[in-house]
Peer 1: 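Dropping a structure here in structure tokens format, bear with me for questions.
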2 protein chains.
Amino acid sequence: MGRWANAVPSRAEQSDTKRKAIIREAARVFNRRGSHGTTLDDVAERLGVTKAALYRYVNNKNDLLFACHEEAMEIANEALEAGEREGRTGIEKIQIGMTGYLRVMISDLGVPVLLLEENALAGEDATQIRALRDAFEKRLRRLVEAGIADGSIVPTNPKLAVFMLLGAVHWVTKWYSPDGPWTAEEAASALIELATRGFAANPSPTLNSHLHLPSNSRAKRQKEP
Amino acid sequence: MGRWANAVPSRAEQSDTKRKAIIREAARVFNRRGSHGTTLDDVAERLGVTKAALYRYVNNKNDLLFACHEEAMEIANEALEAGEREGRTGIEKIQIGMTGYLRVMISDLGVPVLLLEENALAGEDATQIRALRDAFEKRLRRLVEAGIADGSIVPTNPKLAVFMLLGAVHWVTKWYSPDGPWTAEEAASALIELATRGFAANPSPTLNSHLHLPSNSRAKRQKEP
DNA sequence: CGCAAAAGTGACTTATAAGTAACAATAGTA
DNA sequence: TACTATTGTTACTTATAAGTCACTTTTGCG
């Protein structure tokens, strides 16, 4: 054990940190350009190293892609657990869970991944990730069913509702930018509010998030802080 | 002019038909596997020809990708025109337009494309498609603004509403299959109903599409025709 | 300091997929 | 039927990106 055990990171810890940085950065690029459209040289360049250096931390490209998906699924499941713990009705659980998921994805990872491209992952890894993703979707569907049962969600086809929600959520990779006008928090909660209102049993007559204010009043707001 | 002018296709017409078939098939595969993840050998194989044959109809892969996007945008704009013509309120125009778009995309093309991957298109083509897509999104935003003005849509951020809707729509490539339980028509209208309800000023207390019936009653329905 | 282990590099091999070109089959037309 | 356009194929070249390897550089430690 080192003398300042928790202060100075050990060799293994440093290595682990770097591996995570690689996964994070790779996930970003994979998301925007697709995994086939991204070279390991690209990823390496963004990290200021050469491709060969990456191979100290991952076995190959497929392994890296697998790690990205794995991490995304981990975040998703943790978020959903929080939602299930804190929400009172089915729809609340979904809202809390998905808002949390989206917020973390946008800000930390810059990304929701979840098998955007078919056939990108090869072999054993693919089936494993697909199983995780299917389990996640099933869990979401259960929450929709629970919401219908407890009267917070309008009678609807749970599969379709989940597909609608996931589409709205995953699409953020295409338009969200940290340099844009919205914080991760704002974008996440406003988007989830809008999407879940689609199957809410009693949709509020107005939207809560200030993001939904008309754009001229938003502009004013910014000029008079 | 041939003798049965409209009955027997001329050489040029045949060639045109084949080019369209190539675009159609390519769009399908590009959508599922990404453009970088798809080889021209793949596309050729699905059409029962060899790669070299494709080069009689398209100049190169980029050209083919461009054509796919171009066609998708054409369908999108036609659908939106129909919506603007037939719908009475802002939300109705969006619903009619997007349902039509989605239905055609799913059944005919198997696909909404719309620049799913960044950097997939190179050079001049990329800026041209991006311009078309931006114009389409702006047009949709205008309809949202019109809907807010005419009271059919709840006050909301038009950009966000459009992003939500487009996410839900484009995601169908990930889950829709013609072999599944839903026709293109059913899936399109049910999905659009659900998504647009998210920003409707007066969301109906129940959903219309029979797709939204609970699954056990659907199962019954199928067993007792 | 000096040195061993870890991290990183540059120069490769190898695999794959885009694109080409010479040749073969096919189908409308004199 | 024979002739010529067009369509298609087989067998290539070429470009790119994955993955490897022998090596230098860096860094924590006695």
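The figures here come from the full heavy-atom set of this structure, side chains too, leaving out hydrogens, waters and symmetry mates. Predicted, not measured: the structure shown is a model, and the values here were computed from it. Convention: sequence-line order gives letters A, B, ...; per-chain numbering from 1.
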Peer 1: For A:Lys18, which contact category applies under a 4.0 Å heavy-atom criterion: base, sugar-phosphate, or nothing?
Peer 2: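 Here A:Lys18 touches the backbone only, sparing every base.
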Peer 1: Between atom CG in B:Asp16 and atom P in D:dT6, what is the gap in whole Å?
Peer 2: 15 Å
Peer 1: In whole Å, what is the span from the OH atom of B:Tyr55 to the C1' atom of C:dA21?
Peer 2: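 Roughly 13 Å, once rounded to whole Å.
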Peer 1: From the list D:dT7, D:dG19, C:dA7, which nucleotide is the closest neighbour of the side chain of A:Ser15?
Peer 2: C:dA7
Peer 1: Both distances below 3.5 Å, Watson-Crick or wobble geometry, any strand: find the nucleotide opposite D:dA18.
Peer 2: C:dT13
Peer 1: For the pair B:Arg46 and B:Glu25, find out whether any cationic side-chain nitrogen is under 4.0 Å from an anionic carboxylate oxygen.
Peer 2: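 A salt bridge links B:Arg46 with B:Glu25.
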Peer 1: Going by the glycosidic torsion and a 90 degree boundary from 0, is the base of D:dA5 oriented syn or anti?
Peer 2: syn
Peer 1: Expressed as a whole number of angstroms, how long is the span from A:Arg56:CZ to D:dG19:P?
Peer 2: 16 Å
Peer 1: Please report the distance, rounded to the nearest Å, between CZ in A:Arg19 and P in C:dG8.
Peer 2: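 Those two atoms, CZ and P, are 15 Å apart.
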Peer 1: Please answer whether the main-chain N or O of A:Met73 pairs with a side-chain N or O of A:Asn77 as donor and acceptor at a distance below 3.5 Å.
Peer 2: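 Flag set: sc A:Asn77 to bb A:Met73 pair under 3.5 Å.
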Peer 1: For residues A:Met98 and A:Leu166, determine if any side-chain heavy atom of one lies less than 4.5 Å from a side-chain heavy atom of the other.
Peer 2: yes
Peer 1: Between D:dT9, C:dG19, D:dA18, which nucleotide gets closest to the side-chain atoms of B:Ala52?
Peer 2: D:dT9
Peer 1: Determine whether a donor-acceptor pair (one donor, one acceptor, N or O, separation below 3.5 Å) exists between the side chain of A:Lys51 and the base of D:dG19.
Peer 2: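 For A:Lys51, whose side chain was compared with the base of D:dG19, there is a donor-acceptor pair (under 3.5 Å).
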Peer 1: Could you check how far CG of A:Asn62 sits from C1' of D:dG19, rounded to whole Å?
Peer 2: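 To the nearest whole Å, that distance equals 13 Å.
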Peer 1: Quick check for you: to the nearest 0.5 Å, what is the distance between A:Thr99 atom OG1 and A:Ile94 atom CD1?
Peer 2: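 A:Thr99 OG1 to A:Ile94 CD1: 11.0 Å, rounded to 0.5 Å.
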Peer 1: Who does C:dT26 pair with, Watson-Crick or G-U, both distances under 3.5 Å?
Peer 2: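 The base-pairing partner of C:dT26, which may sit in any strand shown, does not exist here.
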Peer 1: Hey, what do you get for OG1 (A:Thr183) to OH (A:Tyr176), rounding to the nearest 0.5 Å?
Peer 2: 6.0 Å
Peer 1: Without decimals, in angstroms, what is the distance between A:Glu45 CD and D:dA17 P?
Peer 2: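 From A:Glu45 CD to D:dA17 P: 12 Å.
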Peer 1: Closest approach to the side chain of A:Ala53, judged atom by atom: which nucleotide of C:dT9, C:dA17, C:dG19 is it?
Peer 2: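 The answer is C:dT9, which lies nearest to the side chain.
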Peer 1: Figure out the CG/P separation between B:Leu40 and D:dA15, and round it to whole Å.
Peer 2: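 For the pair B:Leu40 CG and D:dA15 P, the rounded distance is 17 Å.
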Peer 1: Nearest-Å distance, OH (A:Tyr57) to C1' (D:dG19)?
Peer 2: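 A:Tyr57 atom OH is separated from D:dG19 atom C1' by 18 Å.
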Peer 1: Between C:dA7, D:dA18, D:dT9, which one does the side chain of B:Thr50 approach most closely?
Peer 2: D:dT9
